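To start, the structure under review is shown below, and the notes come after it.
Remember, it's a predicted structure, so these values are computed and weren't measured experimentally. Every chain is numbered from 1 and lettered A, B, ... according to where its sequence line falls, protein lines coming before strand lines.
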Protein chains: 2
Amino acid sequence: MDDENDPLRLDRQVCFPLYAASNRLTRAYRPILDRLGLTYAQYLVMLVLWEEAPQSVGSIGARLHLDSGTLTPLLKRLEAAGLVTRRRDPEDERRLIVTPTETGAALRAEAQDVPMSLCEALGLTEVEMHELAGAVGTVTRLLQHDT
Amino acid sequence: MDDENDPLRLDRQVCFPLYAASNRLTRAYRPILDRLGLTYAQYLVMLVLWEEAPQSVGSIGARLHLDSGTLTPLLKRLEAAGLVTRRRDPEDERRLIVTPTETGAALRAEAQDVPMSLCEALGLTEVEMHELAGAVGTVTRLLQHDT
DNA sequence: CAAATTTATATTGCGCACAATATAATTTGA
DNA sequence: TCAAATTATATTGTGCGCAATATAAATTTG
C-alpha cells in the first residue's frame, strides 16, 4: 500500500524492461532479416550452422537454449525454404543431422551486413554498441547463477 | 572469413544474450505465476491494472509496448478467468474499458511475494538484484534512442 | 452537414517458446 | 541377453507477439 516501496509497481520490475527490450530487438531485426527471408530465430539457427556444420538438433538447441518443440518445426521451415537438409545420423538413428544446402551456405554472404544494419536501425554508434555489449554481459552473468 | 573479427559469430552478437535472458526470465516466472493462474504477459497486464483502473486497451498497450493483436485475446482470457471485465466506454464507443473484478483486485494480495520468489528462483541476492537493475537500466537507455 | 480522415479495437495468419507427452533408438545392467 | 532405463527427436496444445487488414466510431473539413 505504501506506494513508494510497493514491489508490484511496474516501474520497480527489474525484468519487464528486459522483456520489452527483447521484443523491441526482434521488431528491429524483422525488416532487416525479411530481405533474407529469415525470422530472428531462424537467423540464429543459421548463425550456429554457419559456424559449424553439420550439427544435430540437440547441439543447435544447446547453443541457443531452445528445445525440439521450437526447433523441429523451425528446421522444417528452413528445409522447405531450401536452406538446410535434415537426415538421420546412420551412426545413431535417434540423431537428426542438419546441414546447410549450397543456398543456405551462400546466404551467409548476404547476411554479412546484418549486424551493421541492425546497429543503424537502433541508431547506435560503435561506442554505444560497446556500452550495450558490456551491460548485456553483466545481465547475462547475473542471470547465469542458476541454469 | 577472419574468424576473430567475423561479425556473424554467435558470441559476437550483442543481442542474442538479451533474447536468451528474456526467454530464461519467462521460464523462471512460469512456476511462480502458475500458482496465480497467470502467464507472464497476463501478470504484466494485471500489474498495470492494479496500479490504475479502469484503463483502455490502448493505455495498457502503451504502458507495455503491446498492440491489440496481443492484448485483445489476452484480455478475453483474463475475462474468461473472471479477473477483469471488458465494456465499451459510453463516452466513446471505440474505446474498451478494462476493469479488474473483485477477484482480480483480490489477486493482488496473492501476488505480493512474486517479486521475492523470482529473486530466489534466480538465486540472486538483494545486492545482485540491484546490479541487475543497473545493467538493465543501461540496456534500456541505449535501446531507447529510437522508439 | 456530409464526405474524408483519423482513431480504437478486433480479426487473421504466421512463427515462435515451451510444457507435456509420445516414439523410437541406444545403452545399461541384472 | 533382454528388460529397464536413458537419450534424441517429434508431436500436441496453449499463449504470446506482431504485421496486415478489417470494422466501426469519432473527428475534421470542405
* Describe, in one word, how the ring planes of B:Y29 and B:Y43 are oriented to each other, choosing from parallel (under 30°), tilted (30 to 60°) and perpendicular (over 60°). => tilted

* Which residue lies more 5' along DNA chain D, comparing B:D89 with B:Q42 via nearest heavy atoms -> B:Q42

Within this structure, what is the [atom1]-to-[atom2] distance between [X] and [N], rounded to whole angstrom?
| X | N | atom1 | atom2 | answer |
| --- | --- | --- | --- | --- |
| B:L33 | C:dA17 | CG | C1' | 16 Å |
| A:D67 | C:dC16 | CG | C1' | 11 Å |
| A:Y40 | D:dC18 | OH | P | 14 Å |
| A:N23 | D:dG15 | CG | P | 18 Å |
| B:L74 | D:dC16 | CG | P | 4 Å |
| A:E93 | C:dT26 | CD | P | 6 Å |

[X] side chain N/O closer than 4.0 Å to the phosphate oxygens (OP1, OP2) of [N]?
| X | N | result |
| --- | --- | --- |
| B:T39 | D:dG15 | no |
| B:Y19 | C:dC16 | no |
| A:R27 | D:dC18 | yes |

* Basic-acidic side-chain contact under 4.0 Å: B:D113, B:R35 -> no

* Structure fact -> Heavy-atom contacts, protein to nucleotides 5-11 of chain C, under 4.0 Å, summarised as B (base), S (sugar-phosphate only) or - (none) per nt, yield --BSSBB

* Would you work out how much the helix from C:dC1-D:dG30 to C:dA30-D:dT1 bends between its ends, with each end axis defined by five base pairs, to 10 degrees? => 0°

* Asked: Roughly how far, to the nearest 0.5 Å, is CG of B:L143 from SG of B:C15?
  -> 7.0 Å

* Would you check, one step at a time, whether the test side chain to side chain contact (heavy atoms under 4.5 Å, CB included) holds for A:T103 with A:L107? => CA-CA 6 Å; A:T103 310; A:L107 194 66; 5.9 Å; no

* Which atom names give the shortest non-hydrogen contact between B:G104 and B:W50, and what distance separates them? -> O-NE1, 2.9 Å

* Asked: Considering all heavy atoms of both residues, which atom of A:A111 and which atom of B:L8 are nearest to each other, and what is their separation?
  -> O-CD2, 3.6 Å

* Asked: Is it true that a side-chain atom of B:R88 and a backbone atom of B:R94 form a donor plus acceptor pair closer than 3.5 Å?
  -> yes

* Asked: Hey, does the side chain of A:Q13 reach the backbone of A:P7 with a donor-acceptor pair shorter than 3.5 angstrom?
  -> yes

* Asked: Considering residues at least two apart in sequence or located in another chain, which fulfil the salt bridge (charged side-chain N to carboxylate O under 4.0 Å, His left out) criterion with B:R63?
  -> B:E51

* 5' precedence on DNA chain C between A:L66 and A:P90 (nearest-nucleotide basis) -> A:L66

